Amino acid sequence: MSAAELPLTLVDPIALPAAPVLHVQGLVKSFDKREVLRGVDWSVPAGRVIGLLGRNGAGKTTLLRCLLGLSPIDGGQVQLLGAPMTEPGGERMHRIGFVPQTFDLFPWMKVRAYLDFTAAFYARWDHALAARLLQGWELDPKQKIGQLSQGQRQKLAIVRAIAPQPDLLVLDEPVASLDPQARRAFMTELLELMRHPGKTVIFSTHITADLERAGADIALLRDGRIQFMRPLAELRERFVRAVLTRAEGWAEAPAMAGALKATVAGSELQMLLEDADPAVLRALAEQAGAELRVETPTLEDLFVELA
Ligand SMILES: Nc1ncnc2c1ncn2[C@@H]1O[C@H](COP(=O)(O)OP(=O)(O)OP(=O)(O)O)[C@@H](O)[C@H]1O
């Protein structure tokens, strides 16, 4: 079964309590008549870390930019912090931090001058935090932005987004250029920020280990829609991989309720199952004369299978 044929049980843009931080309905966005977002429905409650997953080109950057009003939308509605995104909202925008995928603003400005300039726009700018991060991440305040490496620019973009103490922090692949130490330090800062009640973080990434570390809720963007958003622990509970082995191999995968994907390799049949009944699985193995092994897939495994 291909990913595009996944059963409808997974197509579950979840409904959440009133007044979410972000509420999206029927968001449509095309480039040159090619629909990238095909009616995104998505609600994000306050106080969560959300990992936005999707394959290259799935539309993660496009979605994040549309949500923040940085890219015009072709249809649908976006409510951000309780008001339509299209409404002017200077104060509201102060409560949002954004780390874009690429950061090439003000190459002639020095790091310190850039941060001082930016701080002036924010009532809640945390100077001590900015200074600590600059020092901890070894950013030279006197260096020009244009002379920073890609990773250093990403660090600066993160400092710039976190220092105003945003209520909603949106990050588009924030760790792509960071070395492992910086990635860890970044995740620590993120979790620190989340200790304050009501803060929400949405970040797109391909590094599933970071999402596991943050105990994030996982939102999967595929085929132009959010297919589901679930806490990681729930994903772990609900999905299993059953491996059935028998000497004569498998002509085809047997039918099984909850099977999302089946792969045959020699004597082994691997099935990714949602809400599998262990008794039914054991009966299937017995009937087929196969040995049964049940594994918990990692988030990366799940992503590879579902995205
Ligand atoms: N300005 C643009 N003009 C035309 N097409 C665009 C533009 N921006 C994005 N696209 C297309 O929209 C699709 C989604 O791109 P997007 O960058 O949102 O994907 P993504 O999920 O962030 O990918 P990645 O994981 O590789 O960063 C791609 O097919 C891309 O070519």
Side-chain angles (χ1 to χ4, degrees), residues 14 16-17 20-22 42-54 60 64 67-68 80-81 94-101 103 115 118-119 122 124-139 151-221 229-237 296 298-300 302-303:
I14 58 177
L16 289 156
V21 171
L22 173 73
W42 194 21
S43 264
V44 174
R48 313 289 305 174
V49 180
I50 313 289
L52 178 63
L53 288 181
K60 300 178 296 298
L64 296 180
L67 298 181
L68 298 176
L80 205 51
L81 298 171
H94 281 195
R95 294 169 56 202
I96 299 172
F98 179 51
V99 178
Q101 200 166 23
F103 176 79
L115 289 177
T118 312
Y122 291 94
R124 293 196 305 198
W125 185 274
D126 186 337
H127 289 276
L129 173 67
R132 182 167 61 74
L133 288 177
L134 274 195
Q135 198 183 24
W137 289 356
E138 295 172 345
L139 288 172
Q152 288 169 329
R153 274 180 218 205
Q154 209 161 21
K155 286 176 178 172
L156 181 61
I158 292 169
V159 177
R160 185 237 175 280
I162 292 183
Q165 306 181 66
D167 292 326
L168 171 63
L169 182 60
V170 179
L171 310 109
D172 191 3
E173 289 194 47
V175 295
S177 308
L178 298 189
D179 61 44
Q181 287 91 333
R183 233 181 69 214
R184 286 202 172 193
F186 159 71
M187 289 307 294
T188 305
E189 290 303 332
L190 206 63
L191 297 179
E192 183 60 32
L193 179 81
M194 290 304 296
R195 282 158 43 115
H196 302 277
K199 303 280 183 185
T200 307
V201 177
I202 301 176
F203 74 122
S204 76
T205 181
H206 294 290
I207 303 177
T208 48
D210 286 342
L211 298 176
E212 295 189 298
R213 221 176 133 214
D217 290 356
I218 306 301
L220 178 70
L221 180 64
M229 185 167 84
R230 304 245 174 90
L232 194 52
E234 192 187 314
L235 280 181
R236 285 231 179 79
E237 260 169 37
T296 305
T298 62
L299 179 57
E300 187 169 284
L302 273 179
F303 176 65

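Computed over heavy atoms, backbone and side chain alike; hydrogens, waters and symmetry mates excluded. Keep in mind that what you see is a predicted model, and the values were worked out from it rather than measured.
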Notebook entry, point to check: Got I50 and V201 here, is their nearest side-chain heavy-atom distance under 4.5 Å?
Noted result: no

Note to self: Can you tell me how far apart CG (L211) and CZ (R213) are? Round to the nearest 0.5 Å.
What the structure shows: 11.5 Å

Check: P166 and G97: which non-hydrogen atoms are nearest, and at how many Å?
Finding: CB-N, 3.4 Å

Next item on the list: If a pair satisfies side-chain hydrogen bond (donor to acceptor under 3.5 Å, both in side chains) and one of its residues is in residues 174-183, list it, with sequence neighbours excluded.
Entry: Q154-S177, R183-D210

Notebook entry, point to check: How close do A214 and M187 get, heavy atom to heavy atom, and via which atoms?
Noted result: CB-CE, 3.7 Å

Note to self: Closer than 4.0 angstrom, basic N to acidic O: yes or no for D167 and K199?
What the structure shows: yes

Item checked: Approximate separation, where rounding is to 0.5 Å, of L169 CG and E189 CD -> 11.5 Å

Margin query: Between L64 and Q101, is there a side-chain heavy-atom distance shorter than 4.5 Å?
Written below: no

Next item on the list: Check the pair T200 / L22 against side chain to side chain contact (heavy atoms under 4.5 Å, CB included), numbers first and verdict last.
Entry: CA-CA 10 Å; T200 307; L22 173 73; over 6 Å; no

Checklist line | Gap between atom CG of L139 and atom CZ of R153 - 0.5 Å precision | finding: 12.0 Å

Next item on the list: Determine whether V49 and F203 make a side-chain contact, defined as any pair of heavy atoms from C-beta on separated by less than 4.5 Å.
Entry: yes

Note to self: Can you tell me how the ring of H94 sits relative to the ring of Y122, calling it parallel under 30°, perpendicular over 60° and tilted otherwise?
What the structure shows: tilted

Next item on the list: Please test F303 against L220 for side chain to side chain contact (heavy atoms under 4.5 Å, CB included), starting from the C-alpha separation and ending with a verdict.
Entry: CA-CA 8 Å; F303 176 65; L220 178 70; 4.2 Å; yes

Margin query: Within a 6.0 Å radius of atom CZ on R124, are there more than 12 heavy atoms belonging to other residues, nucleotides or ligands?
Written below: yes

Next item on the list: Can you see which heavy atom on D172 is nearest to which on S204, and at what distance?
Entry: OD1-OG, 2.7 Å

Check: Side chains of L171 and L190: does their closest heavy-atom pair fall under 4.5 Å?
Finding: yes

Check: Side chains of L67 and V170: closer than 4.5 Å at any heavy-atom pair?
Finding: no

Notebook entry, point to check: To the nearest 0.5 Å, how far apart are CG in D217 and CG in L235?
Noted result: 9.0 Å

Check: salt bridge (charged side-chain N to carboxylate O under 4.0 Å, His left out) between R132 and D126: does it pass, once the steps are laid out?
Finding: CA-CA 10 Å; R132 182 167 61 74; D126 186 337; over 6 Å; no

Next item on the list: Apply side chain to side chain contact (heavy atoms under 4.5 Å, CB included) to F186 and V99, showing your working.
Entry: CA-CA 12 Å; F186 159 71; V99 178; over 6 Å; no

Check: Any idea which heavy atoms bring K155 and L178 closest together, and the distance?
Finding: CG-CD2, 3.7 Å

Note to self: If you define the side chain from C-beta out and look only at heavy atoms, does anything of L302 sit under 4.5 Å from I218?
What the structure shows: no

Note to self: How close do M229 and S43 get, counting heavy atoms only, and between which atoms?
What the structure shows: CE-O, 3.2 Å

Item checked: Gap between atom CG of L129 and atom CG of L134 - 0.5 Å precision -> 9.5 Å

Notebook entry, point to check: How many angstroms lie between CG in L168 and CG in L81, if you round to the nearest 0.5 Å?
Noted result: 6.0 Å

Check: What heavy-atom pair brings A130 and A163 nearest, and what distance separates the two atoms?
Finding: CB-CB, 4.1 Å

Note to self: Can you list everything that forms a side chain to side chain donor-acceptor pair (under 3.5 Å) with T298? Sequence neighbours excluded, please.
What the structure shows: D301

Note to self: Checking R160 against L133 for the side chain to side chain contact (heavy atoms under 4.5 Å, CB included) test, could you report, in this order, the C-alpha distance in whole Å, the side-chain angles of both residues, the deciding distance, and whether it holds?
What the structure shows: CA-CA 10 Å; R160 185 237 175 280; L133 288 177; over 6 Å; no

Next item on the list: Determine, for E212 against R236, whether the closest basic-nitrogen to carboxylate-oxygen distance falls under 4.0 angstrom.
Entry: yes

